[in-house]
S.K.: 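Have a look at this one.
Numbers restart at 1 for each chain; the letters A, B, ... are given by sequence-line order, proteins then strands. None of the values given here were measured: they were computed from a predicted structure. Both backbone and side-chain heavy atoms feed into the values below; hydrogens, waters and symmetry mates do not.
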Amino acid sequence: MSYLYSIGEYFLMIKGVFGRMTKRSVLKELIFKEINELIMGSLGIVSFISFFIGGVVAIQTALNLNNPLIPKTLIAFAARQSIILEFAPTFISIIMAGKVGSFITSSIGSMRVTEQIDALEVMGINSLNYLIFPKIVAMLTYPFVIAISMFLGIMGAYAAAVFGGFVGSDAFVTGLQDGFIGFHVVYAFFKTFLFAMILATIPAYHGYYMKGGALEVGHASTTSFVWTSVVIIIVNYIVTQLLLS
Amino acid sequence: MIEVKDLHKSFNGEEILKGIDFVFESGKTNLIIGQSGSGKSVLLKCMLGLFKPDQGVIEYNGKAYSNFTDEEQRELRKEIGMVFQGGALFDSMTVEENVMFPLRMFTKQRKKDLKNRVAEVLERVNLTGSENKFPAEISGGMQKRVSIARAIVNKPKYLFCDEPNSGLDPKTATVIDNLIQEITKENDITTVIITHDMNSVLEIGERIAFLKDGILAWKGDKSQIFKTDDKTVTDFVYSSNLFQKVRKAQQQGM
């Protein structure tokens, strides 16, 4: 029953976010601030993880290709498919649920605990719009992060496969182009967009409606990470079933 | 002026406010006192529109809050200043940005004019020179003064203060009390203050509502509260050792 209540409360929150809008000049400033904190601030860790995981995918594939009848171009093919279809959109989003999601929950939760949200409400400001709308808009640029992740993942795979001596550069590029389906990129960016909305709103919900003190802010961050990850995994399954099967 | 008539509010079946009637007059410091759990904060939040009363009326200058349209409620909120117990300053903003916030949200003044108004208000609360500091870099007393500055910057008609001097040393608490009283007089504001602090009652208690278990148990002013024989009130007023000794001394004619 409490789950149903929370789901209802979540959708009412979304409605409230798009209710009375904050003054445009203030909102513009907040959006740029959120892009800086949520998106630009994540580029470093996303780049690092993407490059090295791309490399690991290539090495693992290469080491498992024992049959001489299977062409080495498969290393690039497998790396490309796994990075574009799953690793960049889904795996990075789970990481972002930990990084960005926890940040959103704890920052909004701290504002709740210290009555800053009450202060906004007393002033007649729609606190949901003021706090969450800029985060949603900022997360619209999240596919840009995933595009970088895809690119660096494939670069990592190239570096590991070519400089590791598993395959030649030409063969890798051939494998990369082999059997390329454009729709897979569309699928990846479509689910990235959904994950972006999940990453902005579920942690915001857990922060906004938290009760208690500083300890509960920590609990809310953990709960938010768990639920954001669970919803991402479920949505990933549904979207894959609907678009690819 | 704010008038509360027969106000009731319950949470989970437990009645917190049991029919409060009180008039909060303009140009005066109206204090709500009482023990923890007596319903003071709930009353304040009902008056602010953060809680919807189950029964009863809250009138702002003769008009019931429940009859306000959404637009009228928004307009009314622009006329309200609130000093929260913990200050509720925005951590990510400097002192100047915090004080400027209501002006930025609700007025269309040029930045230079905004800065001038903020400087004027900060000077009023003796915080000139702290403009670029963040809330974490200033003391609790200064935070309270920033909170007062933010509450009055937009020239409110109503000022609500939730325990404005809790956690402050007696000297700073007196400074805050006097500041609130001066601002109230200067601008003819309806000021509502929640407090536990009997020193505040002694300093600025022009109109006092004493709540006990959700009921308005007594009302009067600071000259009356120390003379009343109402046991409910005296138990609260003389609960501190200092006031007990003062009373004993008075009774002994010292």
Side-chain angles (χ1 to χ4, degrees), chain A residues 1-2 5 15-16 18-38 41 103-135 138 207-209 211-214 216-217, chain B residues 41 44-51 68 70-93 97-111 114 135-136 140 143 146-148 150-154 156 158-163 192:
Chain A
M1 204 58 194
S2 68
Y5 179 83
K15 189 181 163 209
F18 294 97
R20 188 160 29 88
M21 298 299 274
T22 305
K23 199 174 170 184
R24 193 175 292 183
S25 58
V26 175
L27 214 48
K28 200 171 92 183
E29 226 173 79
L30 288 171
I31 289 168
F32 282 116
K33 186 172 156 273
E34 297 293 355
I35 289 175
N36 187 40
E37 280 177 353
L38 304 180
F103 171 74
I104 291 174
T105 305
S106 56
S107 59
I108 296 180
S110 302
M111 289 185 77
R112 170 64 73 199
V113 169
T114 54
E115 296 180 307
Q116 292 174 48
I117 294 179
D118 289 341
L120 289 170
E121 289 290 328
V122 168
M123 286 181 212
I125 295 163
N126 178 0
S127 60
L128 285 169
N129 179 265
Y130 180 85
L131 293 171
I132 303 172
F133 184 77
K135 290 177 174 52
Y208 192 87
Y209 291 103
K211 289 185 176 74
E216 281 76 13
V217 175
Chain B
S41 295
L44 190 81
K45 287 187 175 177
C46 285
M47 290 166 72
L48 286 165
L50 294 177
F51 290 156
F68 280 41
D70 285 353
E71 187 54 37
E72 284 173 331
Q73 283 186 13
R74 276 199 290 281
E75 287 306 312
L76 174 70
R77 281 169 186 276
K78 289 177 193 170
E79 295 176 344
I80 289 176
M82 171 82 194
V83 179
F84 284 86
Q85 193 174 352
L89 300 177
F90 302 118
D91 304 327
S92 57
M93 297 181 192
E97 287 166 343
N98 262 288
V99 178
M100 199 184 281
F101 186 79
L103 296 176
R104 286 192 64 210
M105 295 302 286
F106 304 120
T107 65
K108 286 181 180 172
Q109 298 176 52
R110 287 179 306 163
K111 194 152 191 186
L114 296 179
Q143 286 184 17
V146 176
S147 187
I148 292 171
R150 186 177 68 182
I152 63 168
V153 72
N154 213 8
Y158 310 97
L159 179 63
F160 293 87
C161 308
D162 188 1
E163 300 193 25
V192 180

S.K.: Go through the steps for A:R20 and B:R74 under the test side-chain contact (heavy atoms from CB on, under 4.5 Å), then give the verdict.
M.R.: CA-CA 11 Å; A:R20 188 160 29 88; B:R74 276 199 290 281; 2.9 Å; yes
S.K.: Chain A: which of B:I80, B:N154, B:L89, B:D70 shares the most heavy-atom pairs with it under 4.5 Å?
M.R.: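 With the most close heavy-atom pairs to chain A, the winner is B:L89.
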S.K.: Shorter than 4.5 Å, heavy atoms on both sides: which option in A:D118, A:V26, A:V122 has the most such pairs with chain B?
M.R.: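 Sorted descending by pairs with chain B, the first entry is A:V122.
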S.K.: For a quick test of reading the model, state the closest non-hydrogen atom pair linking A:M123 to B:P102 and the distance between them.
M.R.: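 Looking at all heavy atoms of both residues, the shortest contact is SD-CG, 4.3 Å.
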S.K.: List the steps, then state whether side-chain contact (heavy atoms from CB on, under 4.5 Å) holds for B:D91 with A:Q116.
M.R.: CA-CA 9 Å; B:D91 304 327; A:Q116 292 174 48; 3.1 Å; yes
S.K.: Nearest 0.5 Å, please: how far is CE in A:M111 from OG in B:S92?
M.R.: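 Going from the OG atom of B:S92 to the CE atom of A:M111 covers 7.0 Å.
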S.K.: Which region of B:F160, side chain (C-beta onward) or backbone (N, CA, C, O), has a non-hydrogen atom less than 4.5 Å from a non-hydrogen atom of chain A, or is it both or neither?
M.R.: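 Contact with chain A: none, neither part.
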S.K.: For B:L76, which atoms come within 4.5 Å of any heavy atom of chain A: side chain, backbone, both, or neither?
M.R.: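 Looking at B:L76, nothing touches chain A.
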S.K.: To the nearest 0.5 Å, what is the distance between CG (B:L50) and CD1 (A:I117)?
M.R.: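 The CD1 atom of A:I117 is 12.0 Å from CG of B:L50, to the nearest 0.5 Å.
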S.K.: Kindly indicate, with the supporting measurements, whether the criterion side-chain contact (heavy atoms from CB on, under 4.5 Å) is fulfilled by A:T22 and B:M105.
M.R.: CA-CA 8 Å; A:T22 305; B:M105 295 302 286; 3.3 Å; yes
S.K.: Looking at A:A119 and B:R150, what are the two nearest heavy atoms and their distance?
M.R.: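 A:A119 and B:R150 have their closest heavy atoms at CB-NH2, 3.8 Å.
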S.K.: With rounding to the nearest 0.5 angstrom, report the NZ to CZ distance, A:K23 to B:F106.
M.R.: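 Rounded to the nearest 0.5 Å, the NZ-CZ separation comes to 9.5 Å.
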S.K.: Pair A:L120, B:F90 - check side-chain contact (heavy atoms from CB on, under 4.5 Å), show working.
M.R.: CA-CA 10 Å; A:L120 289 170; B:F90 302 118; 3.6 Å; yes
S.K.: Between B:K45 and A:E121, does at least one N-O distance fall below 4.0 Å, as a salt bridge requires?
M.R.: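 Looking at B:K45 and A:E121, the cut-off is not met.
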